[in-house]
Protein chains: 2
Amino acid sequence: MSRTEPRAAGFIPVAPPTLADVVERAGVSRQTVSNAVNNPDLLRPDTLERVREAIDEMGYSPNRAARNLRTRSSQLIGLRVLPAQEGTANAMMDRFVHTLVDTSAEAGYHVLLFAGDNDDPVGGYDHLLRATAVDAFVVTDTYLGNPQAARLTEQRAPFVAFGRPWDQPQATHPWVDVDGAAGTRPATEHLIAKGHTRIAWIGWRKDSPIGEDRRAGWLSAMRDAGHATTGLASRVEDTVQSGAEAAAVLLDESAPTAFVCASDTLAMGVLHTLWIRQLAPGRDIAVVGFDDSQVAQVFPVGLTSVRQPLEDVAVAIVRALETLLGHLPPPAQGVLLTPTLAIRGSS
Amino acid sequence: MSRTEPRAAGFIPVAPPTLADVVERAGVSRQTVSNAVNNPDLLRPDTLERVREAIDEMGYSPNRAARNLRTRSSQLIGLRVLPAQEGTANAMMDRFVHTLVDTSAEAGYHVLLFAGDNDDPVGGYDHLLRATAVDAFVVTDTYLGNPQAARLTEQRAPFVAFGRPWDQPQATHPWVDVDGAAGTRPATEHLIAKGHTRIAWIGWRKDSPIGEDRRAGWLSAMRDAGHATTGLASRVEDTVQSGAEAAAVLLDESAPTAFVCASDTLAMGVLHTLWIRQLAPGRDIAVVGFDDSQVAQVFPVGLTSVRQPLEDVAVAIVRALETLLGHLPPPAQGVLLTPTLAIRGSS
DNA sequence: GCTGGCTCCTTGATCGTTCCAATCCACCAG
DNA sequence: CTGGTGGATTGGAACGATCAAGGAGCCAGC
């Protein structure tokens with residue numbers, strides 16, 4: 001009832017010109033106007049010119065709903081957003097989303113955000129899919145145990161994951177990921193080159209494959225350099241508090257001169273402990289974080305951090321989506337990108 | 001050509017059930033199924049039950065494109081995203097977007113992101129509008145001088161602005177904003193209560209109405225307390241570097257014991273200068289930022305910061321959109337919300 | 001018994017576009 | 001002059017839903 005009464009709301013919607021309007025103005029048929037927009041090659045140059053003029057003069061854009069209905073595609077990519085985390089430094093989704101939007105736009109897609117919560121990982125996907133409201137999904141939260149990937153595969157829904165299917169080696173869906181070990185290894189080597197030998201690791205719980213991946217880079221760099229690692233590794237929750245406590249314990253028991261952390265959040269914890277103990281980051285103790293968050297960038301002396309190539313990730317994801325949706329030849333199954341190291345005052 | 005060849009891509013899309021399928025199964029007419037979804041009150045309870053069963057069994061969701069075409073509405077809200085800013089602490093859009101997505105979902109809308117750049121402030125809006133790809137816009141970057149608002153009003157496009165129309169007092173569009181002065185005033189009073197009398201202000205250039213608004217809160221609190229302000233205010237660019245330089249100058253020339261800043265980015269600059277001068281934030285010098293960014297939250301001792309009620313802003317915006325789109329009675333023209341103060345170690 | 005009004009459900013028309021197959025036209029070889 | 005050819009253009013049909021009317025069926029009332 002009330003849904004159909006926009007006039008009551010005080011603003012009068014202006015109906016945009018339709019294809020029929022252009023038809024009348026240009027003096028050609030529907031299909032010709034349609035072709036002028038979608039297959040210009042089919043028209044004779046002078047006809048094309050005439051139609052295009054009419055289109056420009058009237059400011060015509062094809063009605064999305066009508067086009068979507070006919071072509072059975074929405075030119076939309078679904079992205080589920082999780083509740084914002086407070087008290088952490090993980091604002092990297094921001095950077096990712098920006099590039100994703102830009103790149104998708106170039107490929108003719110828009111990004112549709114939908115709500116999701118941790119309790120119901122597959123919620124939202126089904127509905128959008130059955131309503132053909134989106135053409136494909138970008139799945140970003142695969143680290144949670146990843147029921148979405150299996151579910152979406154089962155439903156034959158096109159999607160690309162940001163993150164490897166760690167616990168499902170048989171998975172066949174396309175994915176893009178960042179090589180964590182290839183980030184922490186140069187970070188550790190960077191510290192070794194600065195003369196450090198006792199370099200500690202603060203990472204995540206053992207059941208986090210991403211955490212173990214990042215840890216592996218530290219471990220291999222240390223081993224290759226012939227430095228001991230016993231008593232220098234700690235695995236905790238991803239909070240500032242945990243990082244601070246882990247750093248305190250490590251400093252007391254193993255006297256490291258440098259820390260490599262699985263996240264900027266943990267690194268901030270280390271910096272907190274250094275602050276309390278009157279130790280200067282960069283001079284007394286070196287610290288390296290992971291994610292190159294805004295926190296790392298604006299921290300007084302600057303926090304050296306492993307920077308994920310999120311822009312490249314977004315581009316790779318859109319490429320994969322395009323192949324998946326049939327615009328381009330064969331899809332690559334997995335893409336693994338290498339992070340870089342942003343060196344700042346803390347190391 | 002290639003657009004219509006999804007089979008070539010290796011995945012076979014499964015066509016979701018349509019209304020016609022449900023019709024067949026439930027043994028009722030199209031309109032009855034439609035009513036079961038949109039106007040359940042019109043059906044007799046037993047009929048409704050039967051139709052609903054069929055819908056559930058088949059997993060039917062109305063095709064979005066078809067519905068959009070017929071109802072001339074997309075149930076989408078457009079939000080333009082700007083290129084991510086590096087080196088600042090302003091990741092507050094994250095929090096805002098999350099709540100916006102959640103609240104919109106409750107109102108039956110999804111959020112569509114589209115790309116935009118600073119050079120072409122109205123780009124993207126026109127196209128989406130004419131294609132009826134979105135029902136309304138949320139305009140967030142009104143501080144840039146705000147040509148969008150005027151343009152959208154002119155085009156009779158429904159939209160709600162996050163931010164007052166500072167430079168267009170005659171504007172009639174609905175908006176939601178946060179009272180900057182009502183944030184910096186208690187922040188300053190908080191410092192005064194702690195015994196500070198020489199409290200400096202570091203804000204933005206004079207041509208930024210938002211900056212002047214926030215400055216006004218500091219100024220009024222200082223005046224009401226009878227404290228001098230001459231030589232205690234500085235106006236600079238919104239970068240860490242500028243904040244650091246301004247703090248250095250102020251410390252040398254006016255010896256303030258506390259700083260109130262127009263942003264967390266500037267506050268981080270102050271902290272940088274304190275670091276260099278071996279001054280302890282919170283003990284030697286108090287610092288208050290603005291935005292309650294993740295940076296403020298994870299900074300070692302914690303940065304006291306004015307927190308914008310972004311969740312409330314998002315909710316208010318969705319409310320305004322609903323009234324605008326005719327679901328509810330008369331729209332409120334402007335809504336002004338009051339920020340809170342997140343007190344941490346730096347003050 | 002017929003009418004009027006109510007509830008509940010059904011049928012034709014429509015939204016604006018693209019797909020499909022047919023038609024038109026100019027040109028050329030036989 | 002006829003028939004074939006291929007490029008350019010056209011009209012009918014369809015995508016899947018909602019809108020706007022148009023029937024059944026039932027009960028009360030004169």
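Predicted model, so just to flag it, every value in this text is computed and none were measured.
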- Does the base of C:dT14 carry an N or O that pairs as donor and acceptor with the side chain of B:Arg70 under 3.5 Å?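 Such a pair exists between side chain and base.
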- Item | Check: A:Val51 and A:Asn35 side chains under 4.5 Å, non-hydrogen atoms |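 Not in contact.
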OP1 or OP2 of [N] sitting under 4.0 Å from any side-chain N/O of [X]?
X       : N      : answer
A:Asn68 : D:dC15 : no
A:Arg72 : D:dA14 : no
A:Arg44 : D:dA8  : no

- Do you see a donor-acceptor pair shorter than 3.5 Å between the side chains of A:Thr132 and B:Asn63?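 Yes, side-chain donor-acceptor contact under 3.5 Å.
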- Item | B:Leu129 side, atom CG; B:Asp135 side, atom CG - distance, nearest 0.5 Å |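 B:Leu129 CG to B:Asp135 CG: 10.0 Å, rounded to 0.5 Å.
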- Task: Name the orientation class of the two ring planes belonging to B:Phe162 and B:Phe96 (parallel below 30°, tilted from 30 to 60°, perpendicular beyond 60°).
- Result: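 Rings of B:Phe162 and B:Phe96: tilted, as their planes differ by 30° to 60°.
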- Any Lys/Arg nitrogen of A:Glu322 or A:Arg319 sitting under 4.0 Å from an Asp/Glu carboxylate oxygen of the other?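 Answer for the salt bridge query: yes.
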- For DNA chain C, determine which residues of residues 21-37 of chain A have any heavy atom closer than 4.0 angstrom to one of its atoms, and list them numerically.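 When residues 21-37 of chain A is checked for heavy atoms under 4.0 Å from DNA chain C, the hits, listed by number, are A:Arg30, A:Gln31, A:Ser34.
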- Which of the following nucleotides, C:dC9, C:dT17, D:dT9, is nearest to the side chain of A:Ala66?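 So the nucleotide nearest the side chain must be C:dT17.
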- Task: Please tell me which of the listed nucleotides, C:dG16, D:dA17, D:dT18, lies nearest to the side chain of B:Asn63?
- Result: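 So the side chain of B:Asn63 is nearest to D:dA17.
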- Task: Using five pairs at either end of the helix from C:dT10-D:dA21 to C:dG30-D:dC1, determine the angle between the two local helix axes and round it to 10 degrees.
- Result: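 End-to-end axis angle: 50°.
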- Message: Around atom CD of B:Glu57, are there more than 12 heavy atoms from other residues, nucleotides or ligands closer than 6.0 Å?
- Response: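 Atom CD in B:Glu57 is packed in, count exceeds 12.
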